[in-house]
Amino acid sequence: ATLARAACRDHRRLSQAAWCLARPAGGRSMRGCFNAFEIADAPRPRAMPPPPPLAPGVEAGVPLAGCAEPWFRWHLSRPALRGRIAEELDVLRQVWLPCAACFIFMSYAAAILFRNIAFYQYRGLEYYADLVVPHSMTVAVDAPGAAMWIDAVTGQTKPLSDVLKAEHARGFVFVADARAKANLTALDGRPFNLRDFAADNLWDLSHSPAVSVMNEIVGGTFEAFSLGLCLLPAVLQFRGCSRPYSLAMFYRLQRSLALVHVLRIPTYLATTIPGSATHCQSVRWTSAEGERGGYEIAQSHVQTVWQWFFDTYNWTHLSNCGDLVFSGHCATAMTNAMFVHVYAYRMFPGKLAGVVVAAAWFLLVVQVFFVLCSRNHYTVDVVIALYVAPLSFLVENRFWPQDTSPRSACVASSAVPGRAREDFGV
């Protein structure tokens, strides 16, 4: 940069000297002009070293006016957009089928089908407690808390003696099938969950609907962040940085997300863990705020094979249970963070890339916070997601080290080669 500035300064001085000698008046000699502009005493510029090779994906620059190029360039002219669209369409013809397969898998199989199957085999923690409760006992019906009338739909409970004494019960003969159940009212509103680090040390915000909404908003913001990064190189390029193809980036993102969810599905189907969320509690449970569980009601929507494939009730009502290990929200957020990390350092200069990457990792921390505080997952679900997702992303980069580029040789110069280990300086 110093040599370039020196050469540029000497070029301006020589131009000024030439203008001086071309003047018809003044009678100045060449020596006088050189002395006037201090050319004679100026040190001679040293030989310029050969220019370094262009970074991958950087086209040979067109000389711009002046000695210094701008640090970014918009590609919004009609010829530039026409050429870029032609290249993107060439990439699209190569990736549309696998990209569509990844999208269908993510939006249907991973989001609906396999989660319905997992919910079908779900059992709450009270199911296992009921198995060890004594099945035979002798107790008076009117004993306090001994016999309770439980509405199987609403979960409302009242002493059986009160039901038998009610006005509408007179003249009827009641045949009761008495089955001993775990007394969830003894929990005093505490959730009937496994022991968990986050539940013991973080705030319990599961009773706040706003927290559940914010959890979904953060996940959607992360997706929009990654998609915006995919679209940016179509119209903007920074000096000395790569300009990957938008559809190639989108395909890599979809492929990485599909891979991590392929690993997630057999994990939560293999072992059913009692859910930590409020909606995964039994209808017999009531929180300290008066909120009642009800997974039995939501589970009625996944009792047949037809419902496994086509019922979207639990997907739209966010009432799924049984798909805990590992967290899909955190795995998706971690994959997006890895994606932004890799491409930000290819597309942006150092400081700007650092800001973009810091924003991505901050969103990941916020996502983890809301997942744990809303009690949607146990801590183990989040921990496993945070190391499985980056490992699966690196495996994906290992098997597909190069981004898809146009088939035409004349436009292949802007491809973005490189393996994941090179992106992380290994």
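As a basis for the values below, the full set of heavy atoms in this structure was taken, side chains included, without hydrogen atoms, waters or symmetry mates.
Taking 4.5 Å as the limit, some side-chain heavy atom of His261 sits within range of a side-chain heavy atom of Thr332. Taking the side chain as every heavy atom from C-beta outward, His341 and Trp361 approach each other to under 4.5 Å.
Of the N and O atoms on the side chains of Gln281 and Asn193, at least one donor lies less than 3.5 Å from an acceptor on the other residue.
Side chain of Ser374 to backbone of Ser212: no donor-acceptor contact under 3.5 angstrom is found. Although no hydrogens or angles enter the test, the distance criterion places no donor-acceptor pair under 3.5 Å between the side chain of Ser327 and the main chain of Ala385. Of the possible donor and acceptor atoms, none in the side chain of Ser319 sits under 3.5 Å from a partner among the backbone N and O of Trp315. Judged by distance alone, with hydrogens and angles left aside, the side-chain atoms of Glu296 form a donor-acceptor pair with the main-chain N or O of Val283 at under 3.5 Å. Between the Gln94 side chain and the Ser405 main chain, a donor and an acceptor come within less than 3.5 Å of each other.
A cation-pi arrangement is found for Arg255 relative to Trp400, the charged atom lying closer than 6.0 Å to the ring centre and inside a 45° cone about the ring normal.
Taking a 6.0 Å sphere around OH of Tyr128, one finds it holds more than 12 heavy atoms contributed by other residues, nucleotides or ligands.
In summary, the aromatic rings of Tyr295 and Tyr122 are positioned with their centroids under 6.0 Å apart.
Every residue two or more places apart in sequence or in another chain that forms a ring-ring contact (aromatic ring centres under 6.0 Å, His included) with Phe348 is listed here: Phe238. Remark: Phe370 pairs with no residue by the ring-ring contact (aromatic ring centres under 6.0 Å, His included) rule, at least two apart or across chains. A search for ring-ring contact (aromatic ring centres under 6.0 Å, His included) contacts involving Phe192 returns nothing, not counting sequence neighbours. Remark: His207 pairs with no residue by the ring-ring contact (aromatic ring centres under 6.0 Å, His included) rule, at least two apart or across chains.
Pairs of residues two or more places apart, or lying in two chains, that qualify as side-chain hydrogen bond (donor to acceptor under 3.5 Å, both in side chains) and include a residue from residues 363-373 are Asn215-Gln367. Residue pairs that meet the side-chain hydrogen bond (donor to acceptor under 3.5 Å, both in side chains) test with at least one member in residues 108-117, sequence neighbours left out, are Arg115-Asp323.
With respect to the salt-bridge test (charged N to carboxylate O, under 4.0 angstrom), the residues Arg190 and Asp204 do not qualify.
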